[in-house]
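Below is one structure, written out as structure tokens; comments come after it.
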Amino acid sequence: MGYKLLLILEKILMFLPKSFRKAFFSCLATLAYHISKKYRNIARANIRFVFGDEKSEEEIEEIVRYSFKNLIFNFLHIMELRNMSLDELKNIITVENADVVKKVHDEGRAVIYITTHYSSWEFGGASLGAFVEPVAGVYKKMKNEVYEEWLLEGRARFGNTNLEKTRVAKALIKLIRAKKASGILIDTNINPKEGIMIDFFGKPLRQTYTPAYLARKFNAAVIPVTIRTDDEDNYTLMLFDEIPVENTDDAEADILKATQLQADWLRDLIKREPKFWFWLHRRFKNDHPEIYN
């Protein structure tokens, strides 16, 4: 019943002009900002933790407000993806630096894409699958099964597949051996068993070592990818150069070095345009819980 109601809501909203949908979801974002004191505080705590005193109160306020808008717009983008043709998606997406992927495939290697909750991550994942190559994206199981079904259907609209995070290692290895692509988020809070300590904005923090471990063991390529926009109508999918993963006699050092390089890529991305990152989740709660008190 819940899923049918969600589909009815989707149908009604998609019947309306795009300009109205954008205005409606912008209003929802403003409302969410005003009623969600908890998440306003989480966002501010994250920004202060990352930037210290670099950002003024006005800058922090602007970033927090945009974070609510960006999250709500990603919900809208999934809805639009579920009803969009490939040509319609192509009309709003520009792909940069796709040759880095061709080079890896010419060498007979698989790609492990690392990515982040940044700008329209939903358009980003769909565009990667539609215009570069299909990707099996790793996701964490959600409590709301109705929303999860709806979301995963949208993410699979243009050729991607979804891998639930629990016991995902075998599936990732199988993909790499078949020279197929996978996608792993590197900006989520993780438990100690899943990560290694790196430096992030001068702070010690755990980050997943899975991309580096798999790339080293199976000679795959780690390629960062994200998306951004200037006008919230047209988007640029940005593929970055391969992050090297060395294969010396010291596996632990190789994996740490490559994982730190991934963290450095994310740090530079956030520093360049901080408003696009997803500041509303407690990214640092396991390693620095005190910042949320």
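Here, residue 1 is the first one in the sequence, and each next residue gets the next number.
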Can you tell me if [atom1] on [X] sees more than 12 non-hydrogen neighbours from other groups inside 6.0 Å?
X	atom1	value
F200	CZ	yes
F278	CZ	yes
E145	CD	no
E252	CD	no
E62	CD	no
K257	NZ	no
K179	NZ	yes
D249	CG	no

* Pairs in or reaching into residues 231-250: which pass ring pair (Phe, Tyr, Trp, His ring centres under 6.0 Å), with residues at least two apart or in two chains? ->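 Sorted pair list: H77-Y235, F123-Y235, F240-W265.
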
* Asked: Does a side-chain heavy-atom distance below 4.5 Å link I60 with R48?
  ->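 The answer is yes, as the side chains (C-beta and beyond) meet within the 4.5 Å cut-off.
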
* Would you say the side chain of S119 lies within less than 4.5 Å of the side chain of E273, judging by non-hydrogen atoms? ->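 Side-chain contact under 4.5 Å: no.
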
* Listed once per pair and sorted, the side chain to side chain donor-acceptor pair (under 3.5 Å) pairs that draw on residues 10-31, sequence neighbours left out ->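 Of all non-adjacent pairs touching residues 10-31, those that pass side chain to side chain donor-acceptor pair (under 3.5 Å) are E10-R82, E10-N83, E10-W150, R21-E80, K22-D233.
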
* So which pairs with a foot in residues 168-177 pass side chain to side chain donor-acceptor pair (under 3.5 Å), sequence neighbours left out? ->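 Listed once each, the pairs would be none.
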
* To do: State, to 0.1 Å, how close L89 and S127 come at their nearest heavy-atom pair, and which atoms those are.
  =>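 Looking at all heavy atoms of both residues, the shortest contact is CD1-OG, 4.0 Å.
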
* **Nearest heavy-atom neighbours spanning N70 and W121** =>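 Result for this residue pair: ND2-CZ3, 3.7 Å.
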
Atom pair [atom1]/[atom2] of [X] and [Y] - distance to nearest 0.5 Å:
X	Y	atom1	atom2	value
I114	T210	CD1	OG1	12.0 Å
I112	I243	CD1	CD1	11.5 Å
R157	S85	CZ	OG	8.0 Å
I42	I47	CD1	CD1	12.0 Å
D199	K203	CG	NZ	9.0 Å
R40	R65	CZ	CZ	9.0 Å

Quick one: does any side-chain atom of [X] pair with a main-chain N or O of [Y] as donor and acceptor, under 3.5 Å?
X	Y	answer
E148	M142	yes
N162	R155	no
T115	V225	yes

* To do: Apply the ring-ring contact (aromatic ring centres under 6.0 Å, His included) test between F68 and each candidate in Y33, W279, F73, F25; give the one that qualifies.
  =>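 Going through the options one by one, the only one that passes is Y33.
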
* For R228, the option from E96, R272, M238 that meets side chain to side chain contact (heavy atoms under 4.5 Å, CB included) ->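 Only one option passes, and that is M238.
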
* Please determine which of L163, L152, L151, L185 meets the side chain to side chain contact (heavy atoms under 4.5 Å, CB included) test together with Y139. =>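 Testing Y139 for a side chain to side chain contact (heavy atoms under 4.5 Å, CB included) against L163, L152, L151, L185 leaves exactly one candidate, L152.
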
How are the rings of [X] and [Y] set relative to one another: parallel (under 30°), tilted (30 to 60°) or perpendicular (over 60°)?
X	Y	value
F51	F201	perpendicular
H288	F49	tilted
H281	H117	tilted

* Asked: Can you list the steps and then say if D287 with N189 is a side-chain hydrogen bond (donor to acceptor under 3.5 Å, both in side chains)?
  -> CA-CA 9 Å; D287 297 314; N189 181 62; over 6 Å; no

* **Residues K271, E54: salt bridge by 4.0 Å N-O rule** =>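 Salt bridge: no.
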
* Asked: So, E61 and R44, do they make that salt bridge, N to O below 4.0 Å?
  ->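 A salt bridge links E61 with R44.
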
* Audit row: W277, T116, side-chain hydrogen bond (donor to acceptor under 3.5 Å, both in side chains) steps and yes/no -> CA-CA 8 Å; W277 197 46; T116 173; 3.2 Å; yes

* Hey, mind stepping through R267 and D264 against salt bridge (Lys or Arg N to Asp or Glu O under 4.0 Å) and telling me if it holds? -> CA-CA 5 Å; R267 175 203 62 203; D264 293 345; 3.4 Å; yes

* Asked: Given the rule in the salt bridge (Lys or Arg N to Asp or Glu O under 4.0 Å) test, do D106 and K102 qualify, once you have shown the distances and angles that lead to the verdict?
  -> CA-CA 6 Å; D106 287 346; K102 183 180 183 303; 2.9 Å; yes

* Determine, using the 4.5 Å side-chain heavy-atom cutoff (strictly less than), whether Y118 and F284 are members of one ILVMFWY cluster. =>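 In one cluster with Y118: F284, yes.
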
